[in-house]
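A, B, ... follow the sequence lines: proteins, then strands. Residue 1 opens every chain.
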Amino acid sequence: MTAPEPREAASSLQLCRIMRPDDANIMGNVHGGTILKMIEEAGCIIGTRHCNTLNGDRCMAALARVEKTEFLCPVFIGEVAHVTAEITHTSQHSLEVQVNVMAENILTGTKKLANKAALWYVPCSLKNVDKIMEVPPIKYASAEQAEEGRKRYEIQKTERLETKTRIKEVVSPPSHPEDRTKERHTVGFSQSSLIHLVGPSDCTLHDCVHGGVTMKLMDEVAGIVAARHCNTNIVTASVDAINFHRKIKKGCVVTVTGRLTFVSNKSMEIEVIVDASPLMEEDKGKYQAVSAFFTFISLDKYNRAVPVPPLKIEGEEEQRSFEEGNARYLHNKAKRLAAKESLQ
Amino acid sequence: MTAPEPREAASSLQLCRIMRPDDANIMGNVHGGTILKMIEEAGCIIGTRHCNTLNGDRCMAALARVEKTEFLCPVFIGEVAHVTAEITHTSQHSLEVQVNVMAENILTGTKKLANKAALWYVPCSLKNVDKIMEVPPIKYASAEQAEEGRKRYEIQKTERLETKTRIKEVVSPPSHPEDRTKERHTVGFSQSSLIHLVGPSDCTLHDCVHGGVTMKLMDEVAGIVAARHCNTNIVTASVDAINFHRKIKKGCVVTVTGRLTFVSNKSMEIEVIVDASPLMEEDKGKYQAVSAFFTFISLDKYNRAVPVPPLKIEGEEEQRSFEEGNARYLHNKAKRLAAKESLQ
Amino acid sequence: MTAPEPREAASSLQLCRIMRPDDANIMGNVHGGTILKMIEEAGCIIGTRHCNTLNGDRCMAALARVEKTEFLCPVFIGEVAHVTAEITHTSQHSLEVQVNVMAENILTGTKKLANKAALWYVPCSLKNVDKIMEVPPIKYASAEQAEEGRKRYEIQKTERLETKTRIKEVVSPPSHPEDRTKERHTVGFSQSSLIHLVGPSDCTLHDCVHGGVTMKLMDEVAGIVAARHCNTNIVTASVDAINFHRKIKKGCVVTVTGRLTFVSNKSMEIEVIVDASPLMEEDKGKYQAVSAFFTFISLDKYNRAVPVPPLKIEGEEEQRSFEEGNARYLHNKAKRLAAKESLQ
């Protein structure tokens, strides 16, 4: 077979929207989940467009992974969020989309970078959602660019495989707290779950849930956990890499559960697990669809970070989770410092 | 003080909306909760409008009670739901609104009566939500009409007082099931909870949750419980009277829990309990805001009712709930029969 | 007074979104109202951004008028609607935004022009919504371009003034149909109303309803009227110029009424009137906020236009409306023909 003709430069895509009251909490801070949903919509559009430039089955780009992303500054009601997406790497069966989110205050003209994210998509045939199609290659500006993309591809591939193995082990969902009369600042006190019945507007043309919809639900639960722990205005600070191993179909019930794993002086780490089960065939079994770590910070009325109450640990499992969370925290801190120094 | 001038005949109000995919389940049946929300919106508008025809503080009509209501026929996506509301009785501090819902298939022109409901509202001052305002009297067409309204008023007043007392007792919310590995067709197997963070669009000008929004969440949970029990297409058949004793404020987290109490050959009764807690002052305590019994039926693909799997009862508490449910079931059945006979 | 420094070239704005099931009717055709709402959002963002480039009060661009717009081709669920807005003229107190809507099928790569619209905005101070601010002038590419813009400005100004006078006359809203047992294909048979309680997400930072939200409601009612008349799949073909003379505030109830005024062989003209009244001060009087003529066509399953049942006229008023509608129809037809010929 001859290689497909490379496309004439991958175009970029821009979308924007005014932030409305329903996009934000009662202090006016736009939910991280709102931003994540817009990011994923942009990625899905540009990815699907690109993957259909070859002959063959029509396909939709399905979200496979989101790299760790940080919320660099708060966004407020009335501001315009601009999302710019660009395809930055292609492998045979996947593509990387990099997305920037700028928040513009259209009254003052000020703009700030609110978020940078990298997403990996896989083209799934519309005829058969389990058939992965081929991705047309993009042209790179330079050999270095191509090489750097290849490195990012290899790193995420390894990580995805690791988590895939992990998800296959029996990951016991955190047990539901029996009642809310638990002692304050324990893990059980703030643990929260929501259930959501997947509707048509949540879904792609495959009748599978958009990754962005899932991330929005995850952020919602994590925010409730964080607010329950510290009773203040809380905002999403960052989200660790999320791998989407299993699709969620229309008509499923998803259960999204969040619980605190680690608390530093000024941040809270919340593990969020998404279980899905087909509503009408529940006996076929519930499965874990996604999981991720969200980090939240607590803000005072001037939007400055304030200290968070320490977490009261109960039992060995919570202790282990706490230590793992602490390790992630220290690792990320070291990385941020290294990045800072390399800029000086 | 002289009596306020009675208004020139209580006007009626009509609203309509096309049913969209998100209003319905995946079989195309519009959720009972969608209809309940429209009914309450119409009641709130006509009630608020009426109560502001006198001088005095501006006020909003807050939902105090919905009488038992039956869903007479299924409504589908693409149909237009017409809701007609009329004020049918006024006491000094409350008013009754009767609402009819017609479903029109605009392609064939057929119309059917989908629902009839009666709602009681209380005017709360906008300045002070706890101050109940006076309701301007309506003119009745006849002395009999006035008298019948007075009787309905007395009956619901007694019932509201009774449930108020009951809610003050410690009504322990049903404990959460530890995991979903329970035996099928038990109460614990299908029990479900959702949490919802109250947003601006859920609220009235008082920043209190619209009664219709709460009822929609309740119907959503009840529907998930019913579908988990019988794994078929299920629809709301009726809702017992609901009393709204305590308001839910913006920024609260509501936890809505449903569990099966009784199953007859062709119907399921689900008790739904709504707890609310202010997210940032959770230590002030969670309180029970509303509770109600929803009845669901199971449908085959021709929308005909089919038998429901029997409920496996475990323990004394479940047995007691089952017997109480059975009593309500027999009572309602007898009432329907009597109503039928009186028509013959 | 010195002229304000002209801005460095008016930039354009692009927004896009995947069309979801709730954006469309049950045949998959995206509602005209969905498109109108996106168009207005783009206009509001670019207009507000531009008007705040001068010092002075912060302001929001409020929609004053939309020129006649035609829906050039149907848009479907799953397609991406791209909206591009550009400021094309400025007067001292108003600005013109031209908007293009492209519908892209991201599976096949085909793109089609779905809509072209021109909107006029007026900057209203955030401190005092009745204070009109000054608009910074844009630079024109040529003197002709400036001159053409000035002409468009004068024409719309005259028309706005005319309708302003008309709206002040007693425009009796069409009486509500007493019942739906009317004869088919009469005006009364298909006449429809909806009411909507204005919520926070409908509003700008002024707490006034976005023009796009109003247009979406108008299109929804017009669509119900059209479907009732011909019982087929109907789509919006065009909307005559709409003038927004009076703002609608948060907490208002809007009543949107549509009725057929004219039917040609293949199109239906529907007059839509929007009344608003503050829910709590209805005695201050309901006022007419907006009115417009929508034209719909009826489609078969291949999306081809099919004949429409003739309208049964009853009474002199309906006859007069019909003749006026016929005149508009002939006028538009002649204009289209002239435009076609000038291209040959």
Side-chain angles (χ1 to χ4, degrees), chain A residues 7 12-24 26 38 40-42 44-55 57-61 76-85 104-111 123 125-126 199-207 210 212-213 250, chain C residues 7 12-24 38 40-42 44-61 76-85 104-111 123 125-126 199-207 210 212-213 250:
Chain A
R7 251 169 70 97
S12 78
L13 183 107
Q14 235 187 308
L15 59 87
C16 67
R17 192 158 73 70
I18 302 181
M19 297 292 104
R20 291 184 290 251
D22 279 0
D23 296 319
I26 49 171
M38 288 182 76
E40 203 274 320
E41 181 167 1
C44 175
I45 294 175
I46 198 171
T48 302
R49 179 197 276 168
H50 179 74
C51 293
N52 283 286
T53 51
L54 285 184
N55 291 329
D57 285 5
R58 299 297 94 195
C59 58
M60 282 283 300
F76 298 99
I77 297 172
E79 291 186 340
V80 176
H82 296 269
V83 180
T84 314
E104 179 193 12
N105 182 324
I106 50 175
L107 301 181
T108 61
T110 55
K111 281 188 189 183
S125 161
L126 272 194
S201 286
D202 299 327
C203 292
T204 65
L205 293 178
H206 284 123
D207 283 345
H210 275 291
V213 170
K250 193 163 86 178
Chain C
R7 250 167 70 95
S12 77
L13 182 107
Q14 233 187 310
L15 59 88
C16 67
R17 190 159 74 70
I18 301 181
M19 296 293 105
R20 293 185 289 251
D22 274 11
D23 296 320
M38 287 184 76
E40 204 274 320
E41 181 166 0
C44 175
I45 293 174
I46 198 172
T48 302
R49 177 196 278 168
H50 180 75
C51 293
N52 283 287
T53 50
L54 285 184
N55 291 329
D57 286 6
R58 299 297 93 194
C59 59
M60 282 283 300
F76 297 98
I77 297 172
E79 291 186 341
V80 176
H82 295 268
V83 179
T84 315
E104 179 193 11
N105 182 323
I106 50 175
L107 300 182
T108 61
T110 54
K111 282 188 187 183
S125 162
L126 272 193
S201 284
D202 301 326
C203 292
T204 65
L205 294 178
H206 284 122
D207 283 344
H210 274 292
V213 169
K250 193 163 85 179

Original post:
Just by modelled atom types, is the A:L15 backbone N or O under 3.5 Å from a matching donor or acceptor in the C:Q14 side chain?
Top reply: no
Original post:
Under a 4.5 Å heavy-atom cut-off, does chain A meet the side chain of C:C59, its backbone, both or neither?
Top reply: backbone
**OP:** Specify which of C:L126, C:I45, C:V80 makes the most heavy-atom pairs with chain A at under 4.5 Å.
**Re:** C:I45
Subject >> Which atom of A:H82 lies closest to which atom of C:L13, heavy atoms considered >> reply: CE1-CD1, 4.0 Å
Subject >> Top contributor to chain C contacts, counting heavy-atom pairs under 4.5 Å, from A:C51, A:G78, A:S201, A:G199 >> reply: A:S201
**OP:** Not counting sequence neighbours, which residues clear side chain to side chain donor-acceptor pair (under 3.5 Å) with A:R20? List them please.
**Re:** none
Subject >> For A:P21 against C:P200, the heavy-atom pair lying closest together >> reply: CG-O, 3.7 Å
**OP:** For C:N52, check side chain to side chain donor-acceptor pair (under 3.5 Å) against everything at least two apart and list the hits.
**Re:** none
**OP:** Sort A:C203 into side chain, backbone, both or neither according to what part of it lies under 4.5 angstrom from a heavy atom of chain C.
**Re:** neither
Subject >> From CG (A:L205) to CD1 (C:I106), nearest 0.5 Å >> reply: 7.5 Å
Original post:
Is a salt bridge present between A:E104 and C:R49, judged by a nitrogen-to-oxygen distance below 4.0 Å?
Top reply: yes
Subject >> Distance (rounded to the nearest 0.5 Å) between A:T204 OG1 and C:I18 CD1 >> reply: 8.5 Å
